[in-house]
Amino acid sequence: MVTSPLLPPNQALAAPGKWPVVGERSPLEPTKTWALNITGLVAEPKSWNLSALKQLGEEDFIVDIHCVTRWSRLGVRFRGIPLKKVFDECAILPSANFLSFEARSERNHSTSLPLKEALSLNAIIAFEHEGEPLTESHGGPIRMVVPGKYFYKSVKWLEKIEILAEDKLGYWEAENGYHNIANPWEEQRYVVSHLSRKEVIKLFATKDFSNCDLLGIEAESQTLEGLNASKALLRNAMFRKANLQNACFDGANLSNAHLEGANLKDASFKNIDGQIADLEGADFRGADLRGAVFKNASLFGATFCAPTEAEDTWGPVLIDATTQFDQASLESLSFTPLQASYIEKKLKGNND
Ligand SMILES: Nc1nc2c(c(=O)[nH]1)N[C@H]1C(S)=C(S)[C@@H](COP(=O)(O)O)O[C@H]1N2
Ligand SMILES: [Mo]
């Protein structure tokens, strides 16, 4: 495998032609007329319907997409209007510093950017992808595409841009610990745990993390055999070399968690109460997965092997006939072909 200088650290290419849907899958009231509203620090609020907006002058852009869950797509063609062109039509007040992008979606999804950065990165209000109108699940009919940031800074179903003096944290950034700067070259994925060391030690003793919000918890090399982490929020958790034998991660969110070299013998990653185990971007290199069960788990961007032998510092994942991946879990892994074929080979018994 060729590692591209265009690929930020710890990202992998999605399979050609594959584009995972991440986050919300549909907008609210898709058939209601779409308009882009500019509010806040402008001399006068503005509103464009889509055809008026397109008349400002559509252009083609080639963009690299980097999702925080570790998949990237390089050289993707979008068609739309540069944000700058829209702002040229608005008399933005001198006190303006930040932009809040808001979606017409059930949870009122939003994200923010500094005004200067949105312009210098050449943010795009996009309508088309590879010559076709954006599909609904990918933000059609109108979404942001912000090059040079993790993709969570690119709102789908854009309805409003609010121009602000102070930053207003977005959905992922305010409530879910996502990094507000989101520079993929600096790996600004998540902020760290809010728990004190004392609280963490107490929690380790109980071996019960169920339903807890433990974003970024530090548990490297900890002995947590039989841990109950059902429905726990463990994004970016550090479990390197931890003993997690028999642990239950049913319905847990382990996206971008570090599980390198962990003992995950007989661990469970199933769905529970309609909630799947989210393992997007999690790192399982060198882990012991004998007897582990993956059922309906989301494995977009998960890592089981290094891209090259030279980078293989963790050694092989241990998988045998007792390891179970169901079809749905394998399907989500198929977006990163190298990982999918590695697991397939292992499941066939080639465990060298
Ligand atoms: N309205 C809305 N926009 C959103 C999200 C969302 O959940 N709702 N998810 C964000 C995240 S985390 C990513 S990676 C991209 C995913 O876009 P895609 O589904 O087209 O791949 O959209 C971003 N924009
Ligand atoms: Mo994302």
Side-chain angles (χ1 to χ4, degrees), residues 1-26 58-83 101 103 109 111 113 118 121-158 172 178-179 182-189 255-256 278-283 298-308 311 330-342:
M1 162 153 166
V2 190
T3 40
S4 164
L6 297 173
L7 214 48
N10 297 307
Q11 294 290 117
L13 285 179
K18 294 236 184 184
W19 185 6
V21 174
V22 180
E24 294 175 298
R25 308 186 78 85
S26 57
E58 285 189 275
E59 296 172 35
D60 283 320
F61 298 90
I62 302 294
V63 175
D64 296 340
I65 297 177
H66 309 296
C67 179
V68 72
T69 59
R70 298 179 195 264
W71 56 266
S72 292
R73 297 180 61 213
L74 303 180
V76 184
R77 184 157 57 98
F78 286 98
R79 188 165 176 78
I81 310 282
L83 188 62
F101 300 88
H109 196 92
T111 194
L113 284 173
L121 291 170
N122 202 10
I124 304 151
I125 299 166
F127 308 106
E128 290 179 23
H129 165 261
E130 301 293 352
E132 300 285 342
L134 282 166
T135 59
E136 186 173 277
S137 60
H138 284 305
I142 174 171
R143 76 170 297 160
M144 289 303 302
V145 172
V146 182
K149 295 279 184 186
Y150 284 126
F151 209 31
Y152 60 85
K153 288 289 180 182
S154 297
V155 156
K156 305 195 272 194
W157 319 294
L158 176 70
W172 292 125
Y178 283 60
H179 202 294
N183 180 349
W185 301 97
E186 303 283 339
E187 282 209 81
Q188 291 162 329
R189 298 176 196 269
S255 56
N256 284 317
D278 181 342
L279 309 175
E280 297 176 5
D283 196 336
S298 182
L299 286 161
F300 288 125
T303 306
F304 294 89
C305 67
T308 62
E311 292 164 81
L330 290 176
E331 171 64 27
S332 64
L333 193 60
S334 71
F335 287 92
T336 35
L338 173 78
Q339 301 300 325
S341 64
Y342 178 80

If every non-hydrogen atom of A14 is compared with every non-hydrogen atom of P337, which pair is closest and at what distance? C-CD, 4.5 Å

Checking K156 side chain against S137 main chain: does a donor-acceptor pair fall under 3.5 Å? yes

Looking only at atom types and distance, does a side-chain atom of D64 sit under 3.5 Å from a main-chain N or O of G75, one as donor and one as acceptor? yes

Checking R143 side chain against S154 main chain: does a donor-acceptor pair fall under 3.5 Å? yes

Side-chain donor/acceptor of Q11 to backbone N/O of C67, under 3.5 Å: yes

Is there a side chain to side chain contact (heavy atoms under 4.5 Å, CB included) between W19 and T135? Walk through the geometry before answering. CA-CA 11 Å; W19 185 6; T135 59; 5.8 Å; no

Non-hydrogen side-chain atoms of K18 and S334 separated by less than 4.5 Å: yes

Suppose we screen for side chain to side chain contact (heavy atoms under 4.5 Å, CB included). Which residues come up paired with F304, at least two apart in sequence or across chains? F284, L289, L299, A302, V317, F325, L333, Q339, Y342, I343

Would I125 and E58 count as a side chain to side chain contact (heavy atoms under 4.5 Å, CB included) here? Give the steps. CA-CA 9 Å; I125 299 166; E58 285 189 275; over 6 Å; no

Short question: side chain of H138, backbone of H129 - any donor-acceptor pair under 3.5 Å? no

Would you confirm whether E280, through its side chain, and F300, through its main-chain N or O, come within 3.5 Å as a donor-acceptor pair? no

Do you know the tightest heavy-atom contact between P147 and A123? CD-CA, 4.1 Å

Just so I know, are the side chains of T69 and F335 near enough to count as touching, which here means a heavy-atom distance under 4.5 Å? no

Any donor-acceptor pair under 3.5 Å from W157 side chain to E136 backbone: yes

Do R189 side-chain atoms and V68 backbone N/O form a donor-acceptor pair below 3.5 Å? yes

Quick one: pull up CE in M144 and CD1 in I124 and give me the separation to the nearest 0.5 Å. 8.0 Å

For A118, does its backbone N or O pair with a side-chain atom of K149 as donor and acceptor, under 3.5 Å? no

List for me each residue that meets side chain to side chain contact (heavy atoms under 4.5 Å, CB included) alongside P82, sequence neighbours excluded, and say none if there are none. E59, F61, K85, N122

Side chain to side chain contact (heavy atoms under 4.5 Å, CB included), that's the test. Do D60 and F78 meet it? Break it down for me. CA-CA 6 Å; D60 283 320; F78 286 98; over 6 Å; no

Distance check, rounded to the nearest 0.5 Å: L74 atom CG versus L13 atom CG? 5.0 Å

Drop me the distance from T111's OG1 to L158's CG, to the nearest 0.5 angstrom. 11.5 Å

Minimum-distance pair of heavy atoms, taken over all atoms of F127 and P141: CD2-O, 3.5 Å

How long is the span from the OG atom in S72 to the CD1 atom in I65, to the nearest 0.5 Å? 9.0 Å

A103 and V155 have their tightest heavy-atom pair at CB-CG1, 3.8 Å

At what distance, to the nearest 0.5 angstrom, does CZ of R77 lie from CD of E132? 9.5 Å

Closest heavy-atom pair, V21 versus E24, reported as atoms and distance to 0.1 Å, is CG1-O, 4.2 Å

Once you round to the nearest 0.5 Å, how far does NE2 of H179 lie from NZ of K153? 10.0 Å

